[in-house]
Every structure is written in C-alpha cells, then in structure tokens.
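Here's the structure, in structure tokens; my notes come after.
The structure displayed is predicted, hence computed values, not measured ones.
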Amino acid sequence: MGDAPRAHWQSIYSTKAPTEVSWYQPVPARSLELIQATGVALTAPLLDVGGGASTLVDHLLQAGYVDVTVLDIAAAALAESQGRLGAAAAQVNWIEGDVADFRPSRRYALWHDRAVFHFLVDPMSRDRYLGALGDALAADGHVVLATFGPEGPTRCSGLPVHRYAADELSALLGPSFVLRRSIVDEHTTPSGNQQQFLYGWWSAGPGSS
C-alpha cells in the first residue's frame with residue numbers, strides 16, 4: 001500500500017494520545033466476548049491486526065492467552081502498547097507492517113481486526129488483505145472482524161471508510177467461512193459522539209459451506 005498510509009497513522013499516533021483517538025476503548029468488551037465465544041485455547045496463537053495502541057492485548061494477557069501477536073502499520077502505536085504493558089510486553093509478538101503486505105511465517109487460530117478493514121475502500125486493497133488473512137489463518141481458524149456498521153460514519157481520521165452489513169462481509173470472506181454471530185454496537189468516542197460498529201465472528205474449516 002506504499003508509504004502514505006504508514007505516514008498517516010504514524011502521524012496520528014505521534015500527535016494524539018491513544019485515549020484521544022475516536023476508536024479508543026478502555027475495555028474492548030465486544031471483541032473479548034467474541035474471541036472467548038470461539039472457544040480457542042489459551043495456548044492458541046492469536047493475531048490482532050491493527051491493534052497497535054489498543055488495550056485488547058492487555059485484556060488477552062489478563063485472561064490467560066499466552067501466544068498473542070499484534071500487527072500494526074505504525075511504530076508509534078506499537079510503542080504506546082509496549083510502554084503501557086511494561087515488562088509484560090515481552091510476552092507479546094510485535095510486528096510493524098502493513099497487513100496488505102503481511103507474509104505470515106505461521107498460522108493463527110484466530111484473526112482479530114477492529115477497524116482496519118473498513119479503511120480499505122478499493123477492491124485491490126481488500127483483496128490483498130483477504131489474501132493475507134487466507135495465508136495466516138489455520139484451516140479451522142476463526143475471524144473476529146469489526147467495521148463501521150450500515151449507519152456508521154463515512155469518514156474517520158480524515159479518510160473515507162466503507163460501511164458494512166454482516167452479509168456483505170460474509171460475501172467478501174467467501175463460502176469457506178460461516179458467520180456464527182454478529183452484533184451491531186454503538187461506540188461512544190472520547191468526545192461523546194456515537195458511532196455504529198458491526199462485529200462478526202466467522203469460523204472456517206470443516207462444516208463450512
């Protein structure tokens with residue numbers, strides 16, 4: 001995707017505190033709910049895409065997950081989480097990179113993404129993302145994905161976004177994924193605004209059709 005997205009997000013996280021960005025959540029309750037609903041083992045490898053400054057990693061470690069990888073395009077975002085976690089940061093695998101260029105060296109039992117996918121407004125970027133997902137996910141893995149919902153914002157952080165319903169995401173993921181649960185959730189931003197998010201959990205592998 002080039003250097004422009006990297007520079008954009010590096011600037012965001014270099015000039016704003018993580019608690020000031022619109023997508024900040026002190027407790028990522030919906031993500032945790034769906035991750036735990038998948039039943040993946042505490043020892044299973046989990047990948048959080050775009051999770052650089054998110055508190056999800058903190059809560060996963062507290063819940064007992066021991067193989068967590070965080071991928072983010074912005075080094076500043078990763079540094080925020082590493083500083084917040086302190087010594088516990090050594091328990092996490094940190095990867096600085098663009099998900100569209102991600103070449104995984106292993107397979108993950110669960111792929112989590114809250115709010116990266118809806119920034120991919122052109123089909124080529126979406127295809128590259130889905131290609132990385134296919135390369136990274138175990139054959140019987142799970143996807144927990146959140147985007148702006150049908151009534152969510154049309155722009156975020158100065159960029160256009162694509163809003164989704166659950167059936168649209170299912171169509172993009174393809175027939176090898178089964179939608180297990182979807183939730184429409186109202187997120188309150190630090191400034192007090194409301195944003196509609198759509199959360200979904202899909203499983204892959206045997207039993208998919």
Side-chain angles (χ1 to χ4, degrees), residues 18-19 23-75 77-97 99 102-117 129-147 166 169-170 173-174 176-185 187 197-208:
T19 54
W23 52 91
Y24 171 71
Q25 295 176 298
V27 180
R30 292 299 190 188
S31 291
L32 289 166
E33 174 187 345
L34 292 178
I35 290 169
Q36 292 172 338
T38 68
V40 295
L42 294 178
T43 55
L46 313 183
L47 176 66
D48 186 17
V49 174
S54 167
T55 61
L56 179 63
V57 63
D58 309 51
H59 293 280
L60 291 174
L61 293 178
Q62 290 167 12
Y65 294 95
V66 297
D67 191 349
V68 180
T69 298
V70 178
L71 168 69
D72 202 279
I73 197 171
L78 295 171
E80 287 286 352
S81 282
Q82 291 165 348
R84 186 181 66 244
L85 286 169
Q91 302 173 39
V92 180
N93 303 305
W94 305 95
I95 301 175
E96 179 191 345
V99 63
F102 184 43
R103 298 294 180 266
S105 59
R106 63 189 303 206
R107 295 276 181 165
Y108 296 90
L110 185 140
W111 171 292
H112 171 268
D113 168 12
R114 178 183 178 267
V116 172
F117 192 69
Y129 176 106
L130 293 169
L133 188 158
D135 290 341
L137 195 68
D140 58 351
H142 302 270
V143 175
V144 173
L145 179 61
T147 68
L169 289 172
S170 291
L173 287 168
S176 62
F177 289 89
V178 173
L179 177 63
R180 301 298 185 187
R181 190 181 302 175
S182 65
I183 304 166
V184 174
D185 190 64
H187 167 64
F197 273 78
L198 172 77
Y199 287 79
W201 158 31
W202 290 261
S203 61
S208 302

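Side-chain N/O atoms of Arg181 and Tyr199 include no donor and acceptor closer than 3.5 Å.
Nearest heavy-atom pair, Phe102 versus Ala136, reported as atom, atom and distance to 0.1 Å: CE2-CB, 4.2 Å. When all heavy atoms of Ala77 and Asp72 are compared, the closest pair comes out as CB-OD1, 3.8 Å. Across all non-hydrogen atoms, the minimal contact from Ser31 to Leu56 is CB-CD1, 4.2 Å. Nearest heavy-atom pair across Trp111 and Leu133 is CZ3-CA, 3.4 Å. Between Pro104 and Ala132 the shortest heavy-atom distance is CG-O, 4.5 Å. Shortest non-hydrogen contact noted between Glu96 and Ile73 is CG-O, 4.1 Å.
With contacts defined as side-chain heavy-atom distances shorter than 4.5 Å, the pair Asp113/Val99 does not qualify. Two residues are said to be in side-chain contact when any heavy atoms from C-beta on lie closer than 4.5 Å; Tyr65 and Gln36 meet this criterion.
Tyr108 pairs in a side-chain contact (heavy atoms from CB on, under 4.5 Å) with only one of the listed residues (Val40, Leu46, Leu47), which is Leu47.
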Under the side-chain contact (heavy atoms from CB on, under 4.5 Å) rule, what do Asp67 and Arg106 come out as? Steps first, then yes or no, please. CA-CA 12 Å; Asp67 191 349; Arg106 63 189 303 206; 2.7 Å; yes
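Ring planes of Phe197 and His187: perpendicular class, angle over 60° (limits at 30 and 60°).
At distances below 3.5 Å, not a single donor-acceptor pair connects side-chain atoms of Ser81 with backbone N or O atoms of Leu78. When atom types are taken as modelled, the side chain of Arg84 and the backbone of Ser54 share a donor-acceptor pair closer than 3.5 angstrom. A donor-acceptor contact shorter than 3.5 Å is absent between the side chain of Trp202 and the backbone of Leu145.
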